[in-house]
Amino acid sequence: MNKVVKRGLFLGLVLVIISGLTIYFTIDLAALATLETFNISSLLLALLALAVGMYFDGLRLQRLVHIGGYDLPIIAILRVIFGNYFMAMLTPGASGGAVAQVLILKSYGVPVMKGAPIVLIRTVFSILFLIVMLPVIFLHSSITIPYISREALLEISLFLVICTIVGLYVLRTNLMKRFVYLMAERVKKGNPKAWLAKLTELNEGFSLLYAKPFQSLLVFIESGLSLLALYAIAPALMCAFTWDIPIVEILSRMILLNLILYFAPTPGGTGVAEGLFIYLFTSFLPVGTVGIVAVGWRVVAEYLPFFIGMYSVFTLYGRQFVAGATAAEGENGGKNIG
């Protein structure tokens with residue numbers, strides 16, 4: 001039994017255990033009675049939200065690839081998207097997702113030096129959208145975090161937006177080149193010239209966006225629409241237990257939750273996602289049902305795309321691809337794309 005199969009079986013066991021514990025510690029007798037109200041329309045709404053999210057995700061990836069000078073068939077775009085879900089779930093910090101996307105793009109004729117910036121931009125735009133939404137969330141939402149006032153949360157979120165914008169500008173300056181070179185010499189890990197080459201590659205990726213600002217704006221909008229549709233899976237599932245759902249409040253909390261998950265150390269955010277979901281959404285659901293919705297959300301939003309991605313990757317490359325992607329992830333420490 002090779003390393004990939006062992007990792008997959010271990011992950012499956014962990015997912016089953018965490019899902020079981022999530023339901024066990026949140027369900028009660030009242031929830032069992034509430035289960036009778038579960039309707040198929042709620043599940044269909046969740047699947048529709050997933051399909052819409054994937055549509056806009058594919059649209060933005062296709063646009064980015066076109067900006068880079070390439071055109072890919074829809075099957076290639078879907079393989080890249082679902083391949084990301086598959087490898088992200090198998091690797092700590094979801095780090096294998098980026099590697100998988102670059103390798104799949106390469107198999108369709110997009111060189112690594114072109115594919116890597118495209119994949120990077122997908123991640124940056126997703127995180128940028130979430131960060132831009134933070135001030136709006138903390139200004140209008142009732143979200144509270146222990147020991148931090150709402151005013152402090154708003155100030156922090158505005159500061160993050162400013163830092164992101166300034167950071168994108170600073171990356172292109174000579175000051176950043178000097179900083180990277182000095183850091184490479186100080187940590188003594190790798191050749192400083194290799195670090196500078198990575199910085200150049202990063203800036204070349206962003207230059208695609210600077211060259212076509214209108215297309216870049218469309219990519220940003222499509223990123224937001226994709227994420228909001230995927231986050232709508234949660235309120236869709238909540239409809240099985242209650243119709244009193246403040247959709248804006250729910251989506252605001254989903255944005256905060258998923259921003260945190262980008263930095264979760266566990267494969268696919270396993271355990272962290274369920275815990276945060278229960279903390280953020282218990283008050284919106286009947287007693288004892290939040291665990292069921294949390295598991296349902298993970299199944300539709302993550303596990304279903306994971307298995308589709310597993311099928312698409314194995315039919316494209318087989319086990320050698322997964323083994324190669326896992327090895328590359330270990331060497332390069334890539335980050336997930338979302």
Side-chain angles (χ1 to χ4, degrees), residues 53-54 56-65 67-68 77-106 110 112-134 160-161 163-165 167-168 171-172 198-210 215-231 254-269 272-273 301-302 305-306 309 325 328-329 332-338:
M54 292 300 175
F56 283 110
D57 195 8
L59 204 60
R60 67 165 176 168
L61 177 58
Q62 203 164 37
R63 194 180 303 278
L64 281 171
V65 171
I67 292 174
I77 297 297
L78 291 175
R79 274 196 165 121
V80 173
I81 292 172
F82 287 111
N84 169 52
Y85 277 90
F86 174 50
M87 287 306 301
M89 286 291 291
L90 289 177
T91 50
S95 50
V99 179
Q101 292 179 82
V102 172
L103 292 179
I104 295 174
L105 285 172
K106 181 183 177 183
V110 181
V112 172
M113 293 299 291
K114 288 283 188 178
I118 289 172
V119 170
L120 174 67
I121 290 169
R122 284 189 71 220
T123 302
V124 170
F125 268 34
S126 294
I127 297 177
L128 181 60
F129 174 78
L130 299 182
I131 291 176
V132 168
M133 291 301 296
L134 282 181
L160 287 174
V161 172
C163 285
T164 302
I165 296 173
L168 292 175
L171 280 174
R172 300 175 61 85
K198 291 293 183 182
L199 178 62
T200 301
E201 180 183 329
L202 177 64
N203 284 322
E204 286 177 354
F206 286 123
S207 67
L208 295 175
L209 302 179
Y210 304 141
Q215 292 294 319
S216 302
L217 177 62
L218 290 179
V219 171
F220 180 77
I221 294 173
E222 288 163 353
S223 298
L225 293 174
S226 172
L227 292 174
L228 289 176
L230 293 174
Y231 299 163
M254 287 298 296
I255 288 173
L256 180 61
L257 186 157
N258 281 274
L259 181 60
I260 295 173
L261 288 183
Y262 268 101
F263 308 99
T266 57
V272 178
E302 297 290 342
F306 166 82
E329 170 264 324
N332 301 326
K335 292 295 181 185
N336 179 41
I337 308 303

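Position 1 is the first residue of the sequence, and the numbers go up from there.
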CD1 on I104 to CZ on F82, rounded to 0.5 Å: 11.5 Å
Pairwise side-chain contact, L227 with L130, heavy-atom cut-off 4.5 Å (strictly under): yes
Option passing side-chain contact (heavy atoms from CB on, under 4.5 Å) with V102 (candidates V112, V110, V80): V112
Ring geometry between F220 and F125 (parallel below 30°, tilted from 30 to 60°, perpendicular above 60°): perpendicular
Taking every non-hydrogen atom, the tightest pair across F306 and F86: CE1-CD1, 3.3 Å
D57 side-chain N/O to G53 backbone N/O, donor-acceptor pair under 3.5 Å: no
L128 CG to I121 CD1 distance, which is reported to the nearest 0.5 Å: 12.0 Å
I118 and I67, any side-chain heavy atoms less than 4.5 Å apart: no
Worked check of side chain to side chain contact (heavy atoms under 4.5 Å, CB included) between V99 and V119: CA-CA 9 Å; V99 179; V119 170; over 6 Å; no
Heavy-atom side-chain contact between R63 and L218 under 4.5 Å: yes
Student check: side-chain heavy atoms of L228 and F129 closer than 4.5 Å: yes
Side-chain (S226) to main-chain (E222) donor-acceptor, under 3.5 angstrom: no
Smallest separation among heavy atoms of A100 and G83, with atom names: CB-O, 3.8 Å
CD1 on I131 to CD1 on I255, rounded to 0.5 Å: 12.0 Å
Minimum heavy-atom distance K114-G68, with the two atoms named: NZ-O, 4.0 Å
Close side-chain approach of L256 to L134, heavy-atom, < 4.5 Å: yes
Least distance between heavy atoms, I81 atom then M54 atom: CG2-SD, 3.7 Å
Atom pair OG/CG of S223 and L59 - distance to nearest 0.5 Å: 10.0 Å
